[in-house]
Novice: 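Before I ask anything, let me first share the structure, which is written out below as structure tokens.
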There are 2 protein chains.
Amino acid sequence: MPDSSEDQPSDVSEAASPPTRVTLKEIAAHASVSRSTVSLVMQESPLVAAQTRERVRASAQALGYVYNRGAATLRSARTSTLGVIVHDIANPFFSAMVAGIDETLQRRGYVPFLATSGDSPERQARLIARLREQRVDALLLCPAEQTPACVIASFAGWHMPCVEVMRHVGETPHGDFVGADIPSGIAAAVAHLFAQGHRRVALLAGAGDHSADRQRVTGYREAMQRAGLETEIRVHRGELSRRAGLERTLALMQSPSAPTALICHNDLVALGALLALQRLGLEAGHDCAVVGIDDIDEAALAEPALTSIATQPRDIGQAAAELALARIDDPRGDRRRIVLPAPLEIRATTAFPLGTPQESS
Amino acid sequence: MPDSSEDQPSDVSEAASPPTRVTLKEIAAHASVSRSTVSLVMQESPLVAAQTRERVRASAQALGYVYNRGAATLRSARTSTLGVIVHDIANPFFSAMVAGIDETLQRRGYVPFLATSGDSPERQARLIARLREQRVDALLLCPAEQTPACVIASFAGWHMPCVEVMRHVGETPHGDFVGADIPSGIAAAVAHLFAQGHRRVALLAGAGDHSADRQRVTGYREAMQRAGLETEIRVHRGELSRRAGLERTLALMQSPSAPTALICHNDLVALGALLALQRLGLEAGHDCAVVGIDDIDEAALAEPALTSIATQPRDIGQAAAELALARIDDPRGDRRRIVLPAPLEIRATTAFPLGTPQESS
DNA sequence: CAACCCTTTTGGATCGATCCAAATCACGGA
DNA sequence: TCCGTGATTTGGATCGATCCAAAAGGGTTG
């Protein structure tokens, strides 16, 4: 598709608006060819002769032409546009994911519409409607909690590819899906903690009811069972902010049967937990191990450095965008479920066997 | 503008595509009115009779109509679309700002295109070209470093409103601008630090050459002069990540004339500085004061809590979006420069007079 | 009953590109 | 010279909405 010129019309550069807008017709007149030929040039069609192509390009440049993608869309039904709905762009996981999406799309000449649902199905429904009106070529959706299954199902009916990202509605993804293999990461974390001597390994989960949440809980349950720790299973549900992580950990660690290791729903919660331990005078990694999920930049820099299950949001964003583009090219190909590995990054907060005294620094 | 129906066509909900797409024409036939009338209903025009309006709405709903904004755009030259270009969406300041933008736009039925320039003027130029092709109604731009002045100037020529956010090219904003009053915040910080007994107050600035950077440096210089500390002025330039903040502080504090207080370009750098102090066995707020800029969520939760100049990204995003929408409605109104206050949030990292011993906890 | 006004509705032209079938061109071979 | 063939180019219809000037309906009034 055309990558139009970047400078203004070279005639009256100041003041009044040139009342004639530049369209294919003007270029055609200027280059003495037909509108159709100009259109072919704009589409980089191999049909036009090299010489003609150059002449047309020069005319377009000279007149300060800007391709009108909207008009093209009307006829060709392609917008080079893609919708992205997440619940919260301020969450570092999603902003990194969006960065990955943007990177892939820019390379392919697509532009993303970004919108945030705030985890509200109503707002999400409004956004979907709006993106349909804009005729996006596909949608990347991290579905809000409580999204009814019919929402995802309807996309097929109205011929709009939809890739679910990170979460999916229903037990198993209904169509295309991209996510991270968090259960394996949790299994690795539990095994690692077990090897370090931990038995009372608790999970700080979310209070929500979506697949990303359930996945963590069942992953944790199964891993604990495999380690023979079914009696030690403790799932604590609650909010997921940094502040909530702090408060929840404060409460938890002061209870009679405090755990010796925490696996947290995400790094924000885990970083909050680190703060709580610090306030309690406990040393993370010695008195209590902590594992986060996502491995955001901050994890490696925290003090002590946070062990985390790396969900690699940027890669997920890229994979999701690529899948969406592939689906646009081949709408009736087989649906795909891409699950990227989520390796455990072991750092100071789980580096020492339980009970190891901390050395003075 | 229309907020179309949310459910699928009620006839053949499964399998094959209904080969006739639903347009105004189909609705017109179904409701026995003309295309024009249906169009007026979709535009919520007060001209149509209430009864007719209802009948048309019912038909649209029944047929599963989806408004085609692209087609409307072609005639009316409004897209209900707006471009947003920032350098890095993964930066918490910008992701919060984008959240504010999105919030305001959603209320007004607009959808934002989001793109990231990575601070590269070439990439930025490509993105601007692409957004022009999409005919966005306006652009919110945080200009990349080294953006040539002519880029901003050309927007007026091609009739696309552009609001510069946080940074502006040239000495003073060329057109509409929304930013934060960082110089006043820095002045308050210097005065506060001075009152606490600090004299060697250093600035950890960026290495860049854009207004947001210069603004901090001159704000700092002038504040130091006003405090009679012109001989203590130390501007250190370098990278701006959390990691860079850590490394730069490590180097700085081990130099012979280490400062007693640091003002950092942003909170990420300041949080890096806190980590550095910790590693050096120094107590932030006692051995060395630290001030950040932005007041991201994390600042209040850091240990010790970080004093920060609150640039309030969400408010800035909202203000910028509102200004852009106002400019769309009134393209030739007076240009506006909105500078939001950036109050100093005093917390533990500057809470104690210089030399106060730390109490044991 | 005609003239007039106000509210509603309407047909046809239009926005700027793409699609497609048909026309044109260039050139070598019969 | 005429024809076939492949490479280019072209006119006109089309996508789905909006705009506008004009028409139709429905009272009221003189």
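All chains are named by letter (A, B, ...) in the order of the sequence lines, taking the proteins before the strands, and each is independently numbered beginning at 1.
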Novice: Mark yes or no for a side-chain to base donor-acceptor pair under 3.5 Å between A:Arg35 and D:dT10, with no hydrogen or angle criteria applied.
Specialist: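 No.
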Novice: Strictly by salt bridge (charged side-chain N to carboxylate O under 4.0 Å, His left out), give each pair with a member in residues 146-167 of chain A just once, sequence neighbours left out.
Specialist: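 Residue pairs with at least one partner in residues 146-167 of chain A: A:Asp119-A:Arg167.
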Novice: Among residues two or more places apart or on two chains, list those pairs meeting side-chain hydrogen bond (donor to acceptor under 3.5 Å, both in side chains) that have a residue in residues 325-334 of chain B.
Specialist: B:Asp176-B:Arg327
Novice: Using five pairs at either end of the helix from C:dC1-D:dG30 to C:dA30-D:dT1, determine the angle between the two local helix axes and round it to 10 degrees.
Specialist: 70°
Novice: Within the 4.0 Å heavy-atom criterion, would you say A:Thr37 contacts the bases, only the backbone, or no part of the nucleic acid?
Specialist: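 Since a base atom lies under 4.0 Å of A:Thr37, the category is base.
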Novice: Taking only the side-chain heavy atoms of A:Arg75 (C-beta and beyond), determine which of D:dT18, D:dC15, C:dC15 contains the nearest atom.
Specialist: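 The listed nucleotide nearest to A:Arg75's side chain is D:dC15.
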Novice: How would you list, by chain and number, every residue that makes a ring-ring contact (aromatic ring centres under 6.0 Å, His included) with A:His87, sequence neighbours excluded?
Specialist: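 For A:His87 the ring-ring contact (aromatic ring centres under 6.0 Å, His included) partners, ignoring immediate neighbours, are A:Phe94.
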Novice: How is B:Thr73 classified with respect to the nucleic acid when contacts are heavy atoms under 4.0 Å: base, sugar-phosphate, or nothing?
Specialist: nothing
Novice: I want to confirm an ordering. Mapping A:Ala72 and B:Ser36 to their closest nucleotides on DNA chain C, which one lands closer to the 5' end?
Specialist: B:Ser36
Novice: What does A:Ser39 touch in the nucleic acid at a heavy-atom separation under 4.0 angstrom: a base, only the sugar-phosphate, or nothing?
Specialist: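 Touches a base.
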Novice: If only side-chain N and O atoms of B:Gln43 are considered, is one of them under 4.0 Å from the OP1 or OP2 phosphate oxygen of D:dC19?
Specialist: yes
Novice: Please list all pairs passing the salt bridge (charged side-chain N to carboxylate O under 4.0 Å, His left out) test where one or both residues lie in residues 96-107 of chain B, with sequence neighbours left out.
Specialist: B:Glu103-B:Arg107, B:Glu103-B:Arg314
Novice: Which part of the nucleic acid does A:Thr23 contact within heavy-atom distance under 4.0 Å: base, sugar-phosphate only, or nothing?
Specialist: sugar-phosphate
Novice: Hey, what do you get for CG (B:Leu114) to CD1 (B:Ile85), rounding to the nearest 0.5 Å?
Specialist: 9.0 Å
Novice: Does A:Val33 reach a base, just sugar-phosphate, or nothing at all? Heavy atoms under 4.0 Å.
Specialist: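 Sugar-phosphate contact only.
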Novice: Using the closest heavy atom to pick a nucleotide of DNA chain C for each, name whichever of B:Leu74 or B:Leu40 lands nearer the 5' end.
Specialist: B:Leu40
Novice: Checking contacts here: which listed nucleotide (D:dA17, C:dA17, C:dT9) is nearest the side-chain heavy atoms of B:Thr52?
Specialist: C:dT9
Novice: In residues 47-58 of chain B, what donor-acceptor pairs under 3.5 Å come from side-chain atoms, sequence neighbours left out?
Specialist:
residue: B:Arg55; atom: NE; partner: B:Ala31; partner atom: O; Å: 3.2
residue: B:Arg55; atom: NH2; partner: B:Ala31; partner atom: O; Å: 3.2
residue: B:Arg57; atom: NH2; partner: B:Glu44; partner atom: OE2; Å: 3.4

Novice: Could you verify whether a donor N or O on one side chain and an acceptor N or O on the other, from B:Ser120 and B:Glu122, lie under 3.5 Å apart?
Specialist: yes
Novice: Over how many whole Å does the gap from A:Arg69 atom CZ to C:dT18 atom P extend?
Specialist: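 Computing the A:Arg69:CZ to C:dT18:P distance gives 10 Å.
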Novice: When you get a sec, tell me which of C:dT18, C:dT9, C:dG16 is the closest nucleotide to the side chain of A:Ala71?
Specialist: C:dG16
